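Read through the structure below, which is laid out as structure tokens, and then see the notes.
Note that these values count all heavy atoms, side chains included, but never hydrogens, waters or copies made by symmetry. Values in this document were obtained by computation on a predicted structure and should not be read as measured data.
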Amino acid sequence: MTKYIIITGGVVSSIGKGITSASIGRILRSYGLKVSAIKIDPYLNWDSGTLNPYQHGEVYVTYDSMETDLDLGHYERFLDVELPGIANITTGKVYKSVISKERKGDYLGACVQIIPHITDEIKLMIREANSLEDNDVVLVELGGTVGDIESQPFLEALRQLRNEEGKNNVMFVHVTYVPYLEAAKEFKTKPTQHSTKELRSTGISPDMIVCRSSSPIDDELQKKIANFCDVDERAVVNTPDASSIYEVPLVLDKNNVGSFIKNRINLNVEPDSSKLDEWRKVVKSLKIQSPTVKIGIVGKYVELEDAYISIRESLLHGAADVGVNLKIEYISSDVDNLDETVLNGLDGILIPGGFGERGFEGKLEAVEYAIVNQVPIFGICLGMHSMVTQFARRSGFDDANSTEFDKDVKYPVIDLMEEQKKVKQMGGTMRLGSYDCKLVKGTKTYATYSEGNGIFIGEDLIEERHRHRYEFNNEFRQSLQDAGLVLSGISPDDFLVEIVELPDHPWFIGCQFHPEFKSRPNRPHPLFASFIDASYKFSQRE
């Protein structure tokens with residue numbers, strides 16, 4: 001019977017519930033259990049697709065084309081799994097489903113209410129997400145904090161889930177913050193006490209409390225929390241700030257979290273810390289101090305690192321694989337002149353995806369700098385568009401551009417897909433999810449993937465995740481090839497250009513898809529590993 005571990009949060013948001021959930025999952029996975037994860041977001045949006053990155057961080061795309069919360073990225077990286085889109089439940093999805101059923105008469109004229117109809121729908125969605133595979137454990141993270149008005153229906157549904165599945169099959173983990181007051185020179189447990197009290201008022205008593213803090217708290221403080229919050233002393237776990245998020249499973253393991261969970265929900269496993277040895281090697285490789293490679297991420301959301309969180313993590317995975325220390329410089333492309341003083345000293349340049357004209361010219365300047373100075377450059381989605389556009393301008397198409405920014409441009413080297421031209425809505429209207437791509441043998445891209453250990457799904461086929469509307473315009477395919485651009489990845493029907501490269505450059509590769517969604521700490525994506533390797537070699541030039 002599937003076991004459920006529910007993770008809630010208190011005191012403040014962005015406290016680390018997602019990392020806590022993923023870390024618990026990593027421990028259980030190491031025991032040989034089949035683990036999945038679900039993220040509940042209490043906002044009214046249907047999905048994360050139309051949310052501003054400044055507000056919500058990156059939009060993570062699942063293999064089956066759902067735009068989801070970034071925590072699904074943490075789950076996939078830590079658990080080394082691919083999750084379906086229904087693993088992200090939102091208030092918008094719940095209410096839309098219930099209203100649709102009411103309109104069809106499914107409720108037989110009943111007065112549709114929060115309880116039981118909304119709460120039943122929430123439980124149904126949780127079970128449907130679990131039904132796709134025969135999981136031993138499902139982690140369910142509730143976004144936001146206890147006490148948020150929008151979270152109340154979900155908390156009630158989760159309380160009911162515990163009663164229906166049985167108390168021995170459902171446990172609650174509450175993540176709180178223990179602040180340190182500099183003036184008093186001490187940690188304060190009162191916020192954790194109040195947060196737990198708020199949770200208990202919903203009928204839910206936590207089985208475990210994970211206390212986040214800036215530095216370690218002592219045993220006496222943990223005993224105090226256990227006493228005031230009515231939990232076992234062994235179930236109060238401290239996770240102080242770590243140098244890497246990948247250390248958290250090891251911190252939880254050191255606190256015997258796996259053993260406690262095993263006993264609480266009767267898991268048929270034998271906890272063994274040595275089973276995390278492979279993960280320890282990953283963490284160790286991420287702590288390499290030298291040599292250092294400096295990568296510049298040139299984008300327009302650089303003020304919020306979470307906007308590029310999967311790219312950041314994928315670069316870290318690649319650096320660990322190559323054996324170098326990674327230093328990331330976040331460089332705003334939204335400037336009048338992205339001159340050499342900003343880019344000088346970089347060993348590699350990465351231009352991420354995005355939407356809108358703001359900052360595009362700055363990205364073109366970064367491409368020009370990389371071409372002239374032979375600096376390794378990696379373009380993803382809009383980054384590839386930047387590379388194609390600047391290459392075209394250098395090849396005689398002086399005012400080449402994307403019709404996303406100039407609909408009347410003379411040389412539209414990037415254009416809207418035909419099936420998208422009549423679409424007026426914003427959400428869920430892009431090429432989303434996994435698509436096959438045929439690599440051209442003899443190219444640098446093919447060689448890079450060939451070294452990627454099993455990422456091929458056929459002799460020359462790969463599968464990558466997309467999120468975009470605009471594509472390489474085939475009208476300029478031959479002329480840009482004649483100018484020296486190599487098309488190294490094409491859709492299997494030979495219609496869509498997926499990857500471009502320059503053969504006479506140390507490392508100049510742009511891809512239409514988002515490889516960052518498939519990189520794992522134990523299995524770095526080959527494009528990121530190759531890019532870091534090329535950047536390291538560039539740093540060692542005389």
Side-chain angles (χ1 to χ4, degrees), residues 293 295-296 311 314-315 317-319 321-324 346-353 366-392 394-395 413 435-464 472 477-478 480-492 494 496-516 518-519 523-541:
V293 170
I295 302 296
I311 285 176
S314 298
L315 287 170
H317 304 161
D321 185 66
V322 174
V324 298
L346 297 176
D347 302 316
I349 297 170
L350 190 149
I351 303 179
V367 175
E368 178 67 14
Y369 176 87
I371 293 175
V372 171
N373 295 280
Q374 296 285 285
V375 180
I377 183 168
F378 187 7
I380 296 174
C381 199
L382 185 59
M384 184 191 104
H385 296 176
S386 305
M387 296 165 86
V388 171
T389 301
Q390 186 61 21
F391 179 82
R394 290 173 56 88
S395 303
V413 292
Y435 287 85
D436 291 351
C437 171
K438 181 176 62 176
L439 299 182
V440 177
K441 293 183 178 179
T443 62
K444 185 174 295 184
T445 302
Y446 185 89
T448 296
Y449 273 91
S450 296
E451 297 168 0
N453 297 325
I455 201 164
F456 280 100
I457 60 172
E459 181 183 353
D460 55 2
L461 281 182
I462 58 170
E463 185 180 66
E464 296 282 5
F472 185 107
R477 196 164 174 172
Q478 190 58 53
L480 291 181
Q481 283 182 287
D482 291 342
L485 190 68
V486 173
L487 312 183
S488 50
I490 311 291
S491 61
D494 203 38
L496 299 172
V497 175
E498 304 283 32
I499 312 172
V500 300
E501 64 178 63
L502 286 182
D504 56 351
H505 190 279
W507 210 95
F508 183 103
I509 295 177
C511 55
Q512 182 63 79
F513 47 81
H514 290 265
E516 67 269 26
K518 295 188 73 171
S519 187
R523 291 187 298 108
H525 192 286
L527 285 178
F528 282 94
S530 178
F531 171 60
I532 292 293
D533 184 57
S535 299
Y536 169 65
K537 290 174 181 174
F538 180 81
S539 74
Q540 299 299 301
R541 72 198 186 286

Got [X] and [Y] here, is their nearest side-chain heavy-atom distance under 4.5 Å?
X	Y	answer
L315	F528	yes
V367	R394	no
I295	I532	yes
I377	I351	yes
P515	H525	yes
Q512	C381	yes
F472	L487	yes
P492	Y435	no

Cation-pi check, R541 onto F538 ring (under 6.0 Å, within 45° of axis): yes

Nearest 0.5 Å please: distance from the [atom1] atom of [X] over to the [atom2] atom of [Y].
X	Y	atom1	atom2	value
L485	Q478	CG	CD	11.5 Å
I499	M384	CD1	CE	9.0 Å
Y449	C437	OH	SG	7.0 Å
I380	L527	CD1	CG	8.0 Å
I509	T445	CD1	OG1	4.0 Å

For [X] versus [Y], what's the shortest heavy-atom pair and its separation?
X	Y	answer
V486	P503	CG2-CD, 3.6 Å
S535	G348	OG-CA, 3.6 Å
P524	S519	CA-OG, 3.6 Å
H505	A370	NE2-O, 3.0 Å
Y369	I349	CD2-CD1, 3.9 Å

Would you mind listing every salt bridge (Lys or Arg N to Asp or Glu O under 4.0 Å) that reaches into residues 496-516, with sequence neighbours excluded? R431-E498

With a 3.5 Å distance limit and no angle check, can you tell me whether K444 reaches the backbone of F508 through a side-chain donor-acceptor pair? no

Counting N and O atoms only, with roles assigned by atom type, does the side chain of S530 sit under 3.5 Å from a partner on the main chain of P526, one being a donor and the other an acceptor? no

Establish, from distance only, whether the side-chain atoms of S488 and T443 form a donor-acceptor pair under 3.5 Å. no

Return the orientation label for the W507 and F531 ring planes: parallel under 30°, perpendicular over 60°, tilted otherwise. tilted

Qualifying residue for side chain to side chain contact (heavy atoms under 4.5 Å, CB included) with V324, from V293, D533, D347: V293

